[in-house]
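First the structure, in the form of structure tokens, and then the observations on it.
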Amino acid sequence: MTIAEASRKYDISADTLRYYERIGLIPPVPRTRGGVRDYGEKSCGWIQLMKCMRAAGVQIEALIEYVDLFQQGDATLDARKALLVEQRDQLVSRMAEMQASLDLLNQKIERYEQGMMTAEQQLRRLHTEREDA
């Protein structure tokens, strides 16, 4: 598929795809005889992986290192796994921090809701008292 088709399919700009290739975030994309990028299954797999990893907050530098190690072949299997494990551990840590923040926000929202409910009950009571008077 062309860069325009890949761009649409993965909802990522053509400029970003070119940038990712230029900095080594994805391996070089094969080209047609005319020099046009030809995104096949492997190239698309790299785009999917990088889009997913970036969405998870994985640093570009770590991903570039991963691609470089991958291109060096099977001798780097342990290094690639170690890099992925490290990134996973960092992601788990960030997720725990985010969960703690979410829990705190939920507690605060609940307090506001309880406070509003209490204020509403007080207003009803006042209204009822005035009607009875």
Side-chain angles (χ1 to χ4, degrees):
M1 79 179 61
T2 66
I3 195 167
E5 292 167 332
S7 174
R8 279 191 300 274
K9 181 176 181 174
Y10 295 102
D11 193 29
I12 188 169
S13 75
D15 286 339
T16 300
L17 289 172
R18 286 186 204 96
Y19 172 72
Y20 280 5
E21 185 179 354
R22 186 173 60 249
I23 66 170
L25 196 58
I26 60 174
V29 177
R31 295 182 182 246
T32 65
R33 286 185 180 163
V36 176
R37 286 176 177 85
D38 185 16
Y39 290 85
E41 192 175 322
K42 286 182 182 179
S43 295
C44 289
W46 281 105
I47 295 169
Q48 282 183 298
L49 175 64
M50 293 309 149
K51 190 171 178 181
C52 176
M53 295 296 105
R54 290 298 297 140
V58 176
Q59 298 291 319
I60 286 179
E61 294 78 12
L63 295 171
I64 291 170
E65 181 182 353
Y66 178 80
V67 173
D68 183 51
L69 289 169
F70 179 85
Q71 290 177 320
Q72 292 176 39
D74 289 348
T76 65
L77 287 172
D78 289 338
R80 282 186 269 161
K81 180 183 176 192
L83 191 148
L84 292 175
V85 167
E86 178 184 352
Q87 293 305 310
R88 180 194 59 199
D89 291 349
Q90 289 177 15
L91 180 58
V92 167
S93 177
R94 284 195 310 273
M95 288 173 66
E97 290 171 4
M98 291 176 73
Q99 185 62 54
S101 296
L102 179 60
D103 292 345
L104 179 61
L105 283 171
N106 284 334
Q107 289 172 2
K108 289 199 143 311
I109 290 168
E110 189 175 321
R111 285 187 194 132
Y112 276 100
E113 289 172 348
Q114 288 173 352
M116 288 177 194
M117 189 178 294
T118 301
E120 225 175 83
Q121 288 170 347
Q122 290 172 350
L123 286 172
R124 280 193 199 124
R125 219 176 298 125
L126 284 172
H127 183 69
T128 305
E129 289 173 3
R130 287 183 183 167
E131 286 181 347
D132 291 343

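Ser93 places no side-chain N or O within 3.5 Å of a backbone atom of Asp89 that could act as its donor or acceptor partner. Without hydrogens or angle criteria, Ser13 side chain to Thr16 main chain gives a donor-acceptor distance under 3.5 Å. Panel note: side chain Glu21, backbone Val29; a donor-acceptor pair is recorded below 3.5 Å.
Distance check, rounded to the nearest 0.5 Å: CG of Leu105 to CE of Met98 gives 11.0 Å. To the nearest 0.5 Å, atom OG1 of residue Thr118 and atom CZ of residue Arg111 are 13.5 Å apart. The distance from the CG atom of Leu84 to the CE atom of Met53 is 7.5 Å, given to the nearest 0.5 Å. Separation of atoms CZ (Arg54) and CD1 (Ile60) is listed at 4.0 Å; rounding is to 0.5 Å. Here the CD1 atom belonging to Ile109 is positioned 12.5 Å from the CD atom belonging to Gln114, to the nearest 0.5 angstrom.
Between Leu77 and Arg80, some side-chain heavy-atom pair lies under the 4.5 Å cut-off. Inter-residue side-chain proximity for Ile26 and Ser43 is flagged as unmet; no heavy-atom pair is nearer than 4.5 Å. Between Ile3 and Tyr39, the closest side-chain pair of non-hydrogen atoms falls below 4.5 Å. Contact check for Met50 versus Val67: side-chain heavy atoms found under the 4.5 Å cut-off.
Taking each heavy atom of Cys44 and Met1 in turn, the nearest pair found is SG-CE, 3.9 Å. Scanning all heavy atoms of the two residues, the minimum distance from Val58 to Arg94 falls at N-NH2, 4.1 Å. Nearest heavy-atom pair, Ile64 versus Ile23, reported as atom, atom and distance to 0.1 Å: CD1-O, 3.6 Å.
Side-chain heavy atoms closer than 4.5 Å link hydrophobic residues (I, L, V, M, F, W, Y) into clusters, and following such links, even through other members, never connects Leu91 to Leu63.
Counted within 6.0 Å of CD on Glu41, heavy atoms from surrounding residues, nucleotides or ligands total 12 or fewer; the atom is thus considered open. Within a 6.0 Å sphere centred on OH of Tyr10, heavy atoms belonging to other residues, nucleotides or ligands number more than 12. Applying the 6.0 Å contact sphere to CG of Asp78 captures no more than 12 heavy atoms from other residues, nucleotides or ligands. Annotation: Asp103, atom CG; neighbour count of heavy atoms from other residues, nucleotides and ligands within 6.0 Å is above 12.
At a cut-off of 3.5 Å, with distance as the only test, a side-chain donor of Asp68 or Gln72 sits close to an acceptor on the other residue.
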